[in-house]
Amino acid sequence: MTANFYITTPIYYVNGAPHIGHAYTSIAADVLARWHRLAGDSVFFLTGTDEHGQKVERAAQEAGLDPQAFTDRIAADFRDMAARMGISNDDFIRTTEPRHKHACAALWQRLVAADAIYLDHYEGWYALRDEAFYGEDELTTRADGVRIAPSGAPVEWVREPSYFFRLSAWQDKLLAFYDEHPDFIAPTARRNEVLSFVRAGLADLSISRTSFRWGIPVPGDPAHVMYVWLDALVNYLTAIGYPDTDAARASFWPADLHVVGKEIVRFHAVFWPAFLMAAGIAPPRRVYSHGWWTVEGEKMSKSVGNVIDPRALVDEFGLDAVRFFLLREVPFGQDGDFSRRALISRLNNELANDLGNLAQRVLTLLQRNCAGEWPAPAATTPLAEAAAALPGAVRARLDRLAFHEALEEVWRVIRAANAYIDHQAPWALRKTDPARMAEVLRVLLDTLRSVAVVLQPVMPGSMTAMLDQLGVPAQARDLAALDTAMAAGTPLPSPSGVFPRFVEAVG
RNA sequence: GGCGGCGUAGCUCAGUGGUAGAGCAGGGGAAUCAUAAUCCCUUGGUCGGUGGUUCAAAUCCGCCCGCCGCUACCA
C-alpha cells in the first residue's frame with residue numbers, strides 16, 4: 001500500500017545568493033524524497049523562496065529595483081541552484097504568488113475567528129536583519145552609539161499598532177504536544193533547547209507591521225502587512241492547496257518532515273505548531289534541524305570571502321561527488337567542516353577506489369570470461385546476505401536522518417565485496433574452475449545491483465550509469481525490484497568508469 | 001547564573017558496567033582481474049582531570065577544567 005510522504009525544505013530568504021548551506025538542506029531533503037519514491041511511497045517534495053519583509057524591500061531599493069523585480073531575479077537564482085543540485089522537488093513555491101496570498105489570508109481569518117488574534121500596539125527595539133524584536137536588556141551599545149542585538153544586528157526603536165497572536169495561551173498545550181510526540185523535534189539537543197524555551201514562558205507574538213508595505217496585507221486592515229514568519233510558514237499549507245480541502249494534494253497534510261537549519265528551529269517547533277493548533281489544523285509530524293558548515297576550519301562569511309558556491313563545486317568535482325560528500329562526511333544534525341582535501345579523499349577512496357574500481361573489475365571479468373552476460377544465480381553467501389539486507393539497513397538509518405550511517409552500511413558491504421573478490425580470485429578460477437568463477441562473479445553482480453539501487457537517492461546520475469552497465473532494466477530499479485533475481489543471460493554492456501579519480505591539477 | 005551538548009588513536013568519530021573499536025593517515029607484506037585500484041598484517045590511546053560507588057567504570061555518582069549551543073540576569 002502506498003503511503004503519503006510530504007517533505008519540505010525551508011523556503012529560502014531572497015536576500016542573497018544561494019550557498020552551500022542551502023544546497024545541503026535541499027540535498028538532504030532530496031535524498032529522503034527520492035528514497036521514499038524508491039520505496040513506492042507517494043511523495044510530495046516542496047522547496048521555494050521567502051520573498052517578503054522589510055529586509056527584502058530595502059535590499060531591492062538599494063539595488064534600484066522594485067521588490068517584485070528584485071525577488072524575481074533572486075528566486076530564479078534559487079531555482080537554478082535546485083536544478084543544478086539535482087533536487088527533485090515536486091513544486092517550487094514563492095511567497096509572492098497569488099495562491100500563497102490567498103492561503104495566508106484564509107489562515108489569518110481562521111485565527112481571527114478562533115479569537116487567537118487581537119489588535120494592540122507594539123513599541124520596542126526591532127532588528128531588521130533578524131526580523132525580530134528584542135528587549136531593552138538584551139541590547140548592547142556599540143562605540144558609535146548604535147544599539148546592537150545579541151545577534152550583532154543593529155536595532156531601531158519601533159512604535160506602531162500591531163496585531164498579536166495569543167502565543168502565551170499555548171505554552172501548556174505545546175509542552176503536552178512535545179511530550180506526546182517525542183520525535184517532533186530532533187536532534188535531542190535542539191529538542192532540549194525548545195523545551196527550555198517554552199517552559200520559560202511565552203509572550204504574545206506581534207504578527208503584523210505597518211511600517212513597510214512589502215508583505216501580505218492583513219484581511220480587513222490593509223494598513224498592516226503580516227509578520228514575515230507567519231507569511232513564510234504558511235507556505236507549507238499553500239502548497240497542498242490550503243484552504244481548499246478538496247485540493248489534489250490536501251491529503252498530504254500533516255507534513256511528515258520539515259528539514260530546517262538550526263537557526264530557524266524556534267519558528268518551526270514553537271510558533272508554527274501554535275499557529276496551526278490555534279487554527280484547528282494538525283501540526284507537522286517532525287522538524288529536523290541540521291548543523292552548519294565551516295569551510296577549511298573557519299566560519300563561512302561574506303566578509304572573509306570564503307562562502308562556497310555549491311555550483312562551482314559541482315563544476316569542479318561533479319554533482320554526485322558533492323552530494324555524497326555532504327551527507328557522508330558529517331552526522332546530520334551536527335556541525336561539520338568542509339575542506340577540499342576531505343572531499344577529494346572521500347571521492348577518491350570511497351567512490352573511485354572502493355566502489356568504482358570494484359564495478360570496473362567485476363564487469364571487465366564478466367566481459368572477458370562470461371560472454372558479457374549475467375551468470376546463473378549462485379548459492380547464497382554471507383556477502384550476498386549482507387547485500388540483500390541493505391534496503392532494510394538503509395531505511396532504518398534514513399528514517400532517523402542518519403545519512404552518514406546509512407552510507408557507512410553501504411560501504412561496509414562494498415568493502416566486504418572487495419575482500420570477497422580478492423579471496424575468491426575469479427581471475428585465477430578462470431583456469432582451474434570456470435563454473436566457480438561464474439558463481440563468484442554472479443554474487444558480485446548481485447551485490448553491485450543492491451548497492452547501486454540503494455545509492456540512487458544519494459547519487460542519481462552515477463547510479464543510473466552503474467545500473468545501465470549492470471544491465472538492470474530502467475523499470476526494475478526500485479527497492480521492490482531487488483526481490484526478483486536478475487535472469488541468467490541478461491546482457492551486460494561494455495563497462496566504463498563511473499567515478500574517475502580526481503587528480504589535483506599541478507601548477 | 002540556569003539548562004543542554006561535547007571532550008576516546010595523528011584526523012573524523014562509534015562505543016552507556018565485564019579483557020579499548022572503525023574509517024582515514026603511518027609502517028610491513030601479498031596479488032596483478034581492475035580507475036597503480038584491491039587484499040592481508042601492523043604501529044598508535046593512562047577513553048579531559050580528580051574523588052567516589054562496584055568484584056569490575058570510557059560507561060554510574062560528585063567536584064573541577066576546556067569548547068559549543070539555548071536561556072536568564074546584572075550589579
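As a basis for the values below, the full set of heavy atoms in this structure was taken, side chains included, without hydrogen atoms, waters or symmetry mates. Note on naming: letters A, B, ... go to the chains in the order of the sequence lines (proteins, then strands), and numbering restarts at 1 for each one.
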Could you state the atom-to-atom distance from [atom1] of [X] to [atom2] of [N] in whole Å?
X: A/Ile185; N: B/C70; atom1: CD1; atom2: P; answer: 15 Å
X: A/Gln469; N: B/U35; atom1: CD; atom2: C1'; answer: 12 Å
X: A/Glu350; N: B/A22; atom1: CD; atom2: C1'; answer: 12 Å
X: A/Asn349; N: B/A22; atom1: CG; atom2: C1'; answer: 15 Å
X: A/Arg415; N: B/C40; atom1: CZ; atom2: P; answer: 11 Å
X: A/Leu448; N: B/A34; atom1: CG; atom2: C1'; answer: 13 Å
X: A/Leu444; N: B/C39; atom1: CG; atom2: C1'; answer: 14 Å
X: A/Arg400; N: B/A14; atom1: CZ; atom2: P; answer: 12 Å

- Item | OP1 or OP2 of B/U38 under 4.0 Å from side-chain N/O of A/Asn353 | yes

- Query: Are the side chains of A/Thr47 and A/Tyr12 in touch, meaning some heavy atoms are under 4.5 Å apart?
  - Reply: yes

- Query: Below 4.5 Å, heavy atoms only, C-beta onward: do A/Ser26 and A/Met85 meet side chain to side chain?
  - Reply: no

- Item | Contact summary for A/Pro283 and A/Met277, nearest pair of heavy atoms | CG-CG, 3.9 Å

- A/Ser162 and A/Tyr122: which non-hydrogen atoms are nearest, and at how many Å? CB-CB, 4.1 Å

- Item | Nearest-nucleotide 5' precedence on RNA chain B, A/Pro331 against A/Trp427 | A/Pro331

- Identify, between A/Pro426 and A/Asn418, the residue whose nearest nucleotide on RNA chain B lies closer to the 5' end. A/Pro426

Heavy atoms only, 4.0 Å cut-off, all strands: where does [X] land among base, sugar-phosphate and nothing?
X: A/Asn348; result: nothing
X: A/Ala200; result: nothing
X: A/Arg190; result: sugar-phosphate
X: A/His423; result: sugar-phosphate

Taking the minimum atom-to-atom distance to the side chain of [X], which one of [options] wins?
X: A/Ser345; options: B/U32, B/C39, B/C24; value: B/C24
X: A/Arg501; options: B/C39, B/U35, B/C33; value: B/U35
X: A/Ile421; options: B/C24, B/C33, B/C39; value: B/C33
X: A/Ala352; options: B/U35, B/A22, B/G69; value: B/U35

In Watson-Crick or G-U wobble terms, both distances under 3.5 Å, what is the partner of [N]?
N: B/G21; result: B/C13
N: B/A56; result: none
N: B/U38; result: B/A30
N: B/G62; result: B/U50
N: B/G69; result: B/C3

For atom [atom1], what is the distance between [N] and [M], given to the nearest Å?
N: B/U54; M: B/C61; atom1: P; result: 16 Å
N: B/G45; M: B/C40; atom1: C1'; result: 24 Å
N: B/C68; M: B/G52; atom1: C1'; result: 29 Å
N: B/C11; M: B/G49; atom1: P; result: 15 Å
N: B/A34; M: B/U19; atom1: P; result: 45 Å
N: B/G29; M: B/U43; atom1: P; result: 16 Å
N: B/U8; M: B/G15; atom1: P; result: 14 Å
N: B/A9; M: B/G23; atom1: C1'; result: 12 Å

- Message: Return the NE2 to CG distance between A/His36 and A/Leu479, rounded to the nearest 0.5 Å.
- Response: 10.5 Å

- Run the ring-centre check on A/Phe403 versus A/His290 and record whether the distance is less than 6.0 Å. no

- Task: Report yes if the distance between the aromatic ring centroids of A/Tyr24 and A/Phe332 is under 6.0 Å, otherwise no.
- Result: yes

- Message: Using a 3.5 Å distance criterion without hydrogens, assess whether the side chain of A/Arg323 forms a donor-acceptor pair with backbone atoms of A/Val458.
- Response: yes

- Answer yes or no: is there a donor N or O on one side and an acceptor on the other, between the side chain of A/Trp411 and the main chain of A/Leu355, under 3.5 Å? no

- Item | Pairwise ring pair (Phe, Tyr, Trp, His ring centres under 6.0 Å) hits with a residue in residues 336-360 of chain A, at least two apart | A/Phe325-A/Phe338

- Message: Would you say CZ of A/Arg340 has more than 12 non-hydrogen atoms from neighbouring residues, nucleotides or ligands within 6.0 angstrom?
- Response: yes

- In the 5'-to-3' direction, what one-character label does each nucleotide of nucleotides 3-8 of chain B receive under the scheme B = base within less than 4.0 Å of a protein heavy atom, S = sugar-phosphate only, - = no such atom? -S----

- By a strict heavy-atom criterion of less than 4.0 Å, which residues belonging to residues 357-382 of chain A are in contact with RNA chain B? A/Asn357, A/Gln360, A/Arg361, A/Thr364, A/Leu365, A/Arg368

- Message: Please determine whether side chain to side chain contact (heavy atoms under 4.5 Å, CB included) holds for the pair A/Trp272 and A/Val287, giving the CA-CA distance in whole Å, both sets of side-chain angles, and the decisive distance to 0.1 Å.
- Response: CA-CA 11 Å; A/Trp272 183 224; A/Val287 174; 5.8 Å; no

